[in-house]
Amino acid sequence: MRPFDYQRPDGLDHAALLERDGGALIAGGTNLLDLMKLQVETPDTLVDINRIGLDELEPTDDGGIRIGALVSNSVCAADPRIRADWPVLSRAILSGASGQLRNKATTGGNLCQRTRCYYFMNIDMPCNKREPGTGCSALNGRNRIHAVLGANENCIATYPGDMAVAMYALDATVEIAGPDKASRSVKIRDFHRLPGDMPQRDNVLEPGEVITGVTLPAPVGGTQLYRKVRERSSYAFALVSIAAVIRMEEGAISHASLAFGSMAHKPWHDPRIDAALTGAKPSDALFDKVADLLLENAEGYGENDFKIPLARRTVKAVLREATGAST
Amino acid sequence: MSKSITLDQPDQRNLLDRMAQGTIGKPVNRLEGPDKVSGVATYAAEFSAPGAANGVLVTSTISKGEVALIDEASVMGMPGVLAVISDQRMIARPAQGGAGEAPVQQVKQIDYWGQPVAVVVAETFEQARDAAKRLKITYNADDMSDVVLNPEDADSWEEGPGTETVEQGALPQAMSEAAYSVDATYTTEGHNSAPMEPHAALAEWDGTKLTVHASLQMLNYNIDELADSMGLDAENVHLLSPYVGGGFGSKLGISPDVAAASVAAMQLGRPVRVVLSRQQVFQSVIRRTETTQRVRLAADADGRLQGFGHEAKVTNLPEEEFAEPVTQASAFLYPGQDRVLKVEMGRIHRMTAGSVRAPGEAVGMQALEAAMDELAEESGIGPVELRLRNIPERHPSDDVPYSSRRLAECLKAGAEAFGWDDKDRKPAQRREGEWWIGTGMATAARIHNLSKAEASVTLMEDGTAVVATDMTDIGTGTYTILGQIAGEMLGLEPSDVLVRLGDSDLARGPGSGGSWGAASSGSAVQIACEAIREELCDMLGCEDEDLTLKDGFAIHNNKRQSLPELLNGRSIEKLGKLKPGETEDDFAQASYGAFFTEVAVNAYTGETRIRRMSGAFGIGRVLNEKTAKSQCMGGMVWCIGSALMEDMMFDHRDGHLANCDLAEYHVPVNRDVPHLDVIMVEERDPAASPLQAKGVGELGICGGAGAICNAIYNACGVRLRSFPMTPDKLIDHLPEI
């Protein structure tokens, strides 16, 4: 760990300025501190935003809810409104990490969680995400946990989190404040990036921007599942995960929204999948079609080849459960 | 002032059962438990030493070659930095368990990725850690095309040092003539001990004497290892390990932190603390080797084994003399006069392979017991019945009798408690929603070890007692059981016995390893207490049979006298000495048991969850029902890890360990572990130790992963021969969904 300066801004604007000048925002610190100890992250300044508010859940005018960036994962998952109206989010959060970590981890911080790629976390290994231009060690290395969608030779890391996957299925919006009181909203499905030729950038945040909250649109009801596949049943990142929001009416699917975790550099959402499901009657053929759409460009890199059939099988499990088809 | 017993014949006296206190065997809570829970117990790195500096190890980032230059100037100007040390007395590898001499020390000759190269010392830990990362080191790396990094590339295979090859009769012929046979090859991946407390040392040097607080399991050997490494006389080395936060083999020998802190303290003339990072615990200490195991079983029409083969391939670094003794239990567990047992070792440049909990049986038994399940299916004989039919009369190679062996009772008691159906074994029959449900069982076996041990016991003038030995308590309950043994012998409650451990100035014990600690050190305590009783008898003018000690009173000839009154201001100190003797060779000695488990395998994802697990174990005398059961449960948790998730993932290009922390190297968490039932099958073993106790610390891990493998097959019809049995290995073979 490098020595660093510590600043506690008195408000959002101050935080944004400090961040623009190279400071690293720290909220729960559940990821950042580990990475600093490993010297994967070496900020000169830590900008502690824990006292600038943004820690409320509040209803929005259109019947949705706004989750402040500093609402802890534990508080968000336990909130009665979230549990009742957006249960997939509770389920996703509770499937991740441990009780202690969720107490510290925040909504905004969790969106910015970095990959668990072994080579990213080891500063003695080449890694384009950590040091652009040095190469991707995972490509021909230990890549059991790596991406099968949207990756390229620059980077096959995954976004490892759970909370964001549910937010993708819920079509959430990320609210961002910039310097000089500027603000913008970004659909969460556009918030994280694919590696492209800039794998060092996980998301679209610009210097000086701070996540202030995440809004969920009005509840759509239906069956909401979060399925997380892993050999260890808790305190383990997903091999594959699926967030599903499925509403049935008269034997047909009237609303469908699926998102997939640990398969790509970002939570994966494909509008063609939601469209294919919506209005259709559940059947194995339909579920196979969903898997086909999801996996049509999937590519394994050796040890992670299994994620492709695993995702196909998990799609079937989730859709059968969500639509009430027999298992 | 001492009494010595050499176990040349079974000790039939069964002293503990003759005593009156009634504390032995009771589920007494660990005496040091409250101190540990409340943070009062002091671990190695937590001792304070005025003026202590802090060292952080720097480890190699190449796999083979040499250090060309350590650019000390790159960090010496940093705030607080005191020294960059790369000294010939540092150690490049940990000492193997029981080595008693320095391990490989050339830290500038690199043999594996992660090898300690230097230690950076600074005023604070943070300064040292920063400087260690910034230290510039130039290497001359060897041509990697000449360096063997992976087991599959090992070019020569030698007989595993310390392992025994058996070639008896004609196994191929037995296989061809067998009514039922199995010839299968299993693989296991590397395992890490992953102790909760990282390896840590705080060294102080007064110009003559070196004192080190360290996290070590076997001080008796560690003294010589450290003295030899430092070029000191053993009497000038003092080690203190009163509390050890788990070891599981990785702290049997001195680790790199111990030597680095010592060298730095000697060079700087001030105390130096070195704590390994979690990554260094994984990358720079000990791995359990991966294994490839071929098992051949040849049975007659009744399922009785006529031929038996178990051949394993393991690896280690060049020069290391430890080979995982994979076939250790195979030597005595099952019959078959046509026998082949062999462990072959290949040399590869990965971190040191050494002892991880139950070296040998932990991985050997899981493969063997998976093969036995295949034989049960092949022969149509129930898995329990098959094992009952294959309990040999005498050791199949050495032709000696067994000491205690209540294996049949364990199989039956475990089956009964679990509700085992030995007849209906058709796989893939039971489905609950998405889950295939199945059951499996396995035998447990682990050799019994006894070691030379000494312990001193003092009966104080106030009627309390003090037990003192350099034995360690690595979380197993040593403090408590030694207190119970002395308490039973001297008529005291354990709370009236002060047990002092983990100080190398005390009587030499064998340390904690190989499940020998309790039986060995405990016997030394019993022997010392015998000597105290003899002196009390002299004072009273009676024979030992006529003396009852209970609740702090001596009772003799209808007279009841308190110990302080009897001692009349004196105290009695005795040294007890145990030496293993001819019973080691005259009997085949081991602890036995049986595992039963029910698992659920997800029909879609191949995830396996353990629904319940029972174990029945015969370990000789149970010294403390609670600590013994806890050892068994801990072992069963390791079985779940070995079966389902533990896998040291080495990079095949440079041999570095990729998953080097507790987030990525998966050991079971609470949610993976269902209720575990442990049944202790009562037993006495006079050949095993004067206590009539055998080892328990490792038995619970020896075979249970095989039971899980067998249960997975029973659940979903997929027979895996590759551990851990992760979803990726299952999904291609699962029934259509």
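Within every chain, numbering begins at 1; the chains are lettered A, B, ... in the order of the sequence lines, protein sequences first and strands thereafter. The model shown is predicted, which means the values in this text are computed figures rather than measured ones.
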May I ask you to name which of Arg116(A), Gln39(A), Arg313(A) has the most heavy-atom pairs under 4.5 Å with chain B? Arg313(A)

Within-4.5 Å side-chain heavy-atom neighbours: Asn122(A) and Gln279(B): no

Heavy-atom check, side chain of Ser137(A) versus side chain of Arg653(B), under 4.5 Å: yes

CG on Asp305(A) to CG on Asp732(B), rounded to 0.5 Å: 10.0 Å

For Lys133(B) and Ile123(A), which heavy atoms make the closest approach, and how far apart are they? CD-CD1, 3.8 Å

Interface check, chain B: of Glu303(A), Arg144(A), Met121(A), most non-hydrogen pairs under 4.5 Å belong to Arg144(A)

When you measure from the side chain of Arg129(B) to the backbone N and O of Arg2(A), does any donor-acceptor pair fall under 3.5 Å? no

Answer yes if the side chains of Tyr119(A) and Asp651(B) hold a donor-acceptor pair under 3.5 Å, and no otherwise. yes

What residues form a side-chain contact (heavy atoms from CB on, under 4.5 Å) with Val718(B), not counting sequence neighbours? Cys716(B), Leu720(B), Leu730(B), His733(B), Leu734(B)

Straight-line distance of Asn670(B) CG to Tyr235(A) OH, nearest 0.5 Å: 13.0 Å

Say you draw a straight line from CG of Leu239(A) to CD of Glu607(B); how long is it, rounded to the nearest 0.5 Å? 8.0 Å

Say you draw a straight line from CZ of Arg232(A) to NE2 of His666(B); how long is it, rounded to the nearest 0.5 Å? 4.5 Å

Report which part of Arg312(A) has an atom under 4.5 Å of a heavy atom belonging to chain B: side chain, backbone, both, or neither. neither

Side chain from CB out, backbone as N, CA, C, O: work out which of these in Asn140(A) comes under 4.5 Å of a heavy atom of chain B, or both, or neither. both

Heavy-atom nearest pair, Thr605(B) first then Leu310(A), reads O-CD1, 3.5 Å

Going through the checks in order, is the salt bridge (Lys or Arg N to Asp or Glu O under 4.0 Å) test met by Arg142(A) and Glu664(B)? CA-CA 12 Å; Arg142(A) 301 308 302 250; Glu664(B) 307 303 334; over 6 Å; no

Working to the nearest 0.5 Å, report the span between CG of Asp672(B) and CD of Glu231(A). 9.5 Å

Any heavy-atom pair between the side chains of Pro3(A) and Glu126(B) that's under 4.5 Å? no

Where on Leu662(B) is there a heavy atom nearer than 4.5 Å to chain A: the side chain, the backbone, both, or neither? backbone

So, for Arg671(B) and Ser233(A), which heavy atoms are closest and what is the spacing to 0.1 Å? NH1-O, 2.5 Å

Cut-off 4.5 Å, heavy atoms of chain A, and the answer for Ala132(B) is neither

May I ask you to check whether over 12 heavy atoms, not counting those of Asp44(A), lie within 6.0 Å of atom CG? no

Look up atom OG1 in Thr59(B) and atom CG in Asp124(A), then write down how far apart they are to the nearest 0.5 Å. 7.0 Å

Considering residues, nucleotides and ligands other than Lys289(A), do more than 12 of their heavy atoms fall under 6.0 Å from its NZ? no

Proximity breakdown for Lys37(A) and chain B, heavy-atom pairs closer than 4.5 Å: both

